[in-house]
Q: 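I have a structure I would like to understand better, so I am pasting it below and will then ask my questions one at a time.
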Amino acid sequence: MSTIRFRALELAQQREPRVSSAAANTGKISDIFGMYVFTMSTMQKYLSKDPYNSVMAAIETGQQIDRKVADAVASSMKAWAQEFGATHYTHWFQPLTGSTAEKHDSFFEISSDGRAMENFSGSALVQQEPDASSFPNGGIRNTFEARGYTAWDPSSPAFIMESGSSRTLCIPTIFVSYTGETLDYKAPLLKALHVLDKAAVDVCQYFDKNVTRVSPTLGIEQEYFLVDSALFEARPDLALTGRTLFGHASAKGQQLEDHYFGSIPDRVLAYMSDFETEAFKLGIPLKTRHNEVAPSQFECAPIFEEINLAVDHNQLLMDLMGKVAMRHNFRVLLHEKPYAGVNGSGKHNNWSLSTNTGKNLLSPGKTPKTNLQFLTFFVNTIKGVFDHADLLRASIASAGNDHRLGANEAPPAIMSCFLGSQLSAMLDEIEEKVANKKMTPEEKTNLKLDIGKIPEILLDNTDRNRTSPFAFTGNKFEFRAVGSSANCASAMLVLNTIMANQLKIFKGEVDALIASGVEKSEAILRVLRSYIVSSKAIRFEGNGYGDEWVVEAEKRGLSNIKTTPPALDVFVSKSSRKLFVDNNIMSERELEARHEILLETYVKKIQIESRVAGDLAINHVLPAAVAHQNGLLENVLGMKELGMKPAMYATQMEMLEKISIHIQALNKHTYEMIEERKKANNMTDMHKKAAAYCDKVKPHLDTLRDHADNLEQLVDDELWPLPKYRELLFIK
Ligand code: ADP
Ligand code: MG
């Protein structure tokens, strides 16, 4: 009798919604919003005018903050944080492990005359040296020179993290090696945003001289699963890998589509309100919550923000969701594919560009001129995505996301852009009319009038293609292939670098035409036309989940990179190197280090999954199957002994045979997998090792699963040790 499973089930059934003090909060969101954030206006209250202005200038222009100003800011931060009872501070950073990292120090110090006091100096604010020797560094920083450091990012505000009764002042920082190479997600993202700002402002000058700053905006839709914590604990695979490695499909899954947008169970709603309250305090502007397609799958989304902040907020949110889940006896599963056979989870990245004049550059305006500006940014995005589609694929590659791309309801690994039929037709028209010659004045007017119609077009452009990895949705692009557990900075640093680079090329080409005497708007249209023609292959309006698309995409020469190791290789391809180096985002060394780190992370993930699958097979599944086999054996022997005819126990013999075949196979494949793992582990070249894990070890996971799931169907339910899908997937 499998006691762990049944005890867990019992616990899960008895759960009641937990009404926490936070969830019971009936006040207005605006009363608590941002209360734990050292916002600009808070800073203004605590700082005198001069240092405040210096910090503002530093945020605007990226200029250095001097020591005196840093001291003033630090002491104001400390005063503010102490009012909330904060005793410690930490530099909060985003190493390439994908999660966030913190090392806490207290404000507490002993002065030279022996007095106990609280202190927080400017230098402690600006720079710290965490003993970070065990963060991945891809060979850049040898462990014996454990001197990476974190440096303050003033563009993302400090905040207070509450955990139980302790409160910590958190300072968003970048993480670099002592030789200055970036070892995190934030530093290259900030560089990309800076380069894009300049490139986009330059292009905006064609249309509006008042534009002096362009910042991309991002709204991140976060999908996740919830599972009862007792059931989670009874599944070593969920607990150690975040996904179920075995598990036969539940008779009822998502086929009735009764969960999607259905009413949210009370227990889940209590959890949601609780983490939302915590998020509001931290200034995370959550706006929507709903059920997703799979059972026990949910989604939340914030109001969009400037990218750096949106990414920080999403990292914080994932952390909060995990912590608050524990209080509700839930575990939150952020893995891209926790369960086979039902939808996986993604994180749609809604991306646009906004100017200091308050204009969304991907939102059409009212006049032909503003619409030409819209078309410029719209077409350049498509061209950039076309030229660097493989790099975008690389930016979202992970062991978890491999299960999702191309699987049930996930965009495929083939990058394509959905524009909607009307905008697509508009581009076709430009292609046709703006031949690479001088247009007649009449043609020009006609075209301009057509361009002026864009807002109307968009209003009734209601087709919402959900199967495209990169879709235009009215006033923004939606990059949907990002995995639910990912740090969005990876996708965003790539997308924004691509865009910056593309806009620079565009400006160069248009300026050259203007210099040769072509009128400005015609020059712009001509260059756009050439992009419309050359990037045509990336435009796809059909069903991205269909098999026909795979065939069609191949004909068009689009890549379909299905697994992570080859996808990651694109980070170090010739064109990616050039892109990152030319735009000053990352050096070759940094790219190589990043490539190595990501491969290593992949290897470790598959290695852990493979070990856990082996343990589950040998220690959980096989003993249960053998116990069941023994029961059958006893039965057959007993019947024989009683002198019954073989026909009377033929069924039991058949059952015995079936179960024995799967027992044998499960055992055999487990040991074959272990052999492959040993071989892979002996490889020193990370590239080869990752390929071995992907091509030699990983396929065994599917074989093991197949036999284990067959056994799950054959073995007495009472003997089965692992909570089953039907038990995991439905929250009462
Ligand atoms: P969906 O139908 O895909 O759920 P929503 O309109 O609910 O679309 O928006 C999803 C996300 O897109 C939200 O986080 C929202 O804030 C964000 N979003 C809306 N406009 C923009 C924009 N201009 N830039 C970036 N994100 C945006
Ligand atoms: Mg969406």
Side-chain angles (χ1 to χ4, degrees), residues 1-10 12 227 230-241 243-253 338-342 606 608-641 644 646 648-677 697-729:
M1 164 75 98
S2 166
T3 48
I4 296 178
R5 173 171 154 230
F6 288 101
R7 168 111 184 88
L9 276 170
E10 224 172 286
V227 60
L231 297 169
F232 173 93
E233 299 293 352
R235 291 277 323 209
D237 47 357
L238 271 185
L240 297 176
T241 72
R243 75 177 180 108
T244 51
L245 297 169
F246 298 160
H248 193 272
S250 164
K252 177 180 185 290
Y339 303 106
V342 297
I606 306 290
I608 294 171
E609 287 189 351
S610 155
R611 285 178 181 157
V612 173
D615 286 354
L616 282 183
I618 304 296
N619 305 325
H620 290 68
V621 174
L622 285 177
V626 170
H628 185 70
Q629 196 185 30
N630 281 340
L632 287 169
L633 267 177
E634 222 175 282
N635 178 284
V636 170
L637 287 176
M639 285 176 112
K640 249 189 190 168
E641 216 172 315
M644 294 189 120
M648 299 307 284
Y649 49 82
T651 305
Q652 286 87 325
M653 292 292 283
E654 258 173 52
M655 287 160 79
L656 260 176
E657 196 173 310
K658 254 196 207 165
I659 198 170
S660 305
I661 288 171
H662 288 300
I663 286 175
Q664 258 191 352
L666 183 59
N667 186 65
K668 173 172 160 270
H669 285 288
T670 301
Y671 287 101
E672 279 177 20
M673 176 178 73
I674 293 172
E675 277 313 304
E676 290 297 346
R677 214 163 65 213
V697 178
K698 195 171 61 129
H700 283 288
L701 289 173
D702 294 332
T703 316
L704 260 55
R705 172 171 208 136
D706 191 37
H707 293 295
D709 291 0
N710 268 297
L711 286 170
E712 184 184 324
Q713 283 187 301
L714 294 169
V715 170
D716 180 359
D717 185 59
E718 294 270 322
L719 293 172
W720 197 254
L722 303 166
K724 296 185 171 181
Y725 268 30
R726 62 164 190 263
E727 294 153 354
L728 294 165
L729 273 170

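Given the structure is predicted, the values throughout are model-derived calculations rather than measurements. Sequential numbering from 1 along the given sequence is applied to the chain's residues.
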Q: So does Lys640 have more than 12 non-hydrogen atoms from other groups sitting under 6.0 Å from NZ?
A: no

Q: Please report the closest heavy-atom contact between Trp720 and Ala624, naming both atoms and the distance.
A: CE3-CB, 4.5 Å

Q: At their closest point, which heavy atom of Ile663 faces which heavy atom of Leu622, and how far apart are they?
A: O-CD2, 3.7 Å

Q: For residues Asp717 and Phe6, report the shortest heavy-atom separation together with the two atoms involved.
A: O-CZ, 4.0 Å

Q: Is it true that Gln713 and His248 share a donor-acceptor pair across their side chains at a distance under 3.5 Å?
A: yes

Q: With a 4.5 Å limit on heavy-atom distance, are the side chains of Tyr671 and Ile618 in contact?
A: yes

Q: Quick one: do Met639 and Gln652 satisfy side chain to side chain contact (heavy atoms under 4.5 Å, CB included)? Show the steps, please.
A: CA-CA 10 Å; Met639 285 176 112; Gln652 286 87 325; 3.8 Å; yes

Q: Treating Asn710 as the side-chain partner and Asp706 as the backbone partner, does any N or O pair qualify as donor plus acceptor under 3.5 Å?
A: yes

Q: Using side chain to side chain contact (heavy atoms under 4.5 Å, CB included), reason through Leu701 and Met673 one step at a time and then give a plain yes or no.
A: CA-CA 8 Å; Leu701 289 173; Met673 176 178 73; 4.1 Å; yes

Q: Would you call Glu727 and Arg5 a side-chain contact if the rule is heavy atoms closer than 4.5 Å?
A: yes

Q: For a quick test of reading the model, state the closest non-hydrogen atom pair linking Leu231 to Ala12 and the distance between them.
A: CD1-CB, 4.0 Å

Q: Give, for atom CG of Leu240 and atom CG of Leu238, the distance between the pair rounded to the nearest 0.5 Å.
A: 9.5 Å

Q: Of all heavy-atom pairs between Leu704 and Thr670, which one has the smallest distance, and what is that distance?
A: CD1-N, 3.7 Å

Q: Are the side chain of Arg726 and the backbone N or O of Ala251 linked by a donor-acceptor pair below 3.5 Å?
A: no

Q: Please determine whether a side-chain nitrogen of the Lys or Arg among Glu609 and Lys698 lies less than 4.0 Å from a carboxylate oxygen of the Asp or Glu.
A: no

Q: Does Val621 reach the side chain of Glu712, with side-chain heavy atoms less than 4.5 Å apart?
A: no

Q: Apply the test side chain to side chain contact (heavy atoms under 4.5 Å, CB included) to residues Leu711 and Phe246: give CA-CA distance (whole Å), side-chain angles for both, the deciding distance (0.1 Å), then the verdict.
A: CA-CA 11 Å; Leu711 286 170; Phe246 298 160; over 6 Å; no

Q: From Ile674 CD1 over to Glu676 CD, what is the distance, rounded to the nearest 0.5 angstrom?
A: 11.5 Å

Q: Please report the interatomic distance CG(Leu656) to CD(Gln629), rounded to the nearest 0.5 Å.
A: 6.0 Å

Q: Starting at CZ of Arg235, measure out to CZ of Arg243 and round the result to the nearest 0.5 Å.
A: 11.0 Å

Q: Is any side-chain heavy atom of Leu722 closer than 4.5 Å to one of Pro236?
A: yes

Q: Parallel, tilted or perpendicular: which fits the ring planes of His669 and His707, with parallel below 30° and perpendicular above 60°?
A: parallel

Q: Does His620 reach the side chain of Asp615, with side-chain heavy atoms less than 4.5 Å apart?
A: no

Q: Kindly say whether Ile661 contributes a backbone atom to a donor-acceptor pair with the side chain of Gln664 at under 3.5 angstrom?
A: no

Q: Provide the closest heavy-atom pair for Tyr725 versus Ala249 in the form atom of the first, atom of the second, distance.
A: CD2-CA, 4.1 Å

Q: Within the 4.5 Å heavy-atom criterion, are Arg705 and Thr244 side-chain neighbours or not?
A: yes

Q: Going from OG on Ser660 to CG on Leu633, what distance comes out if it is rounded to the nearest 0.5 angstrom?
A: 7.5 Å

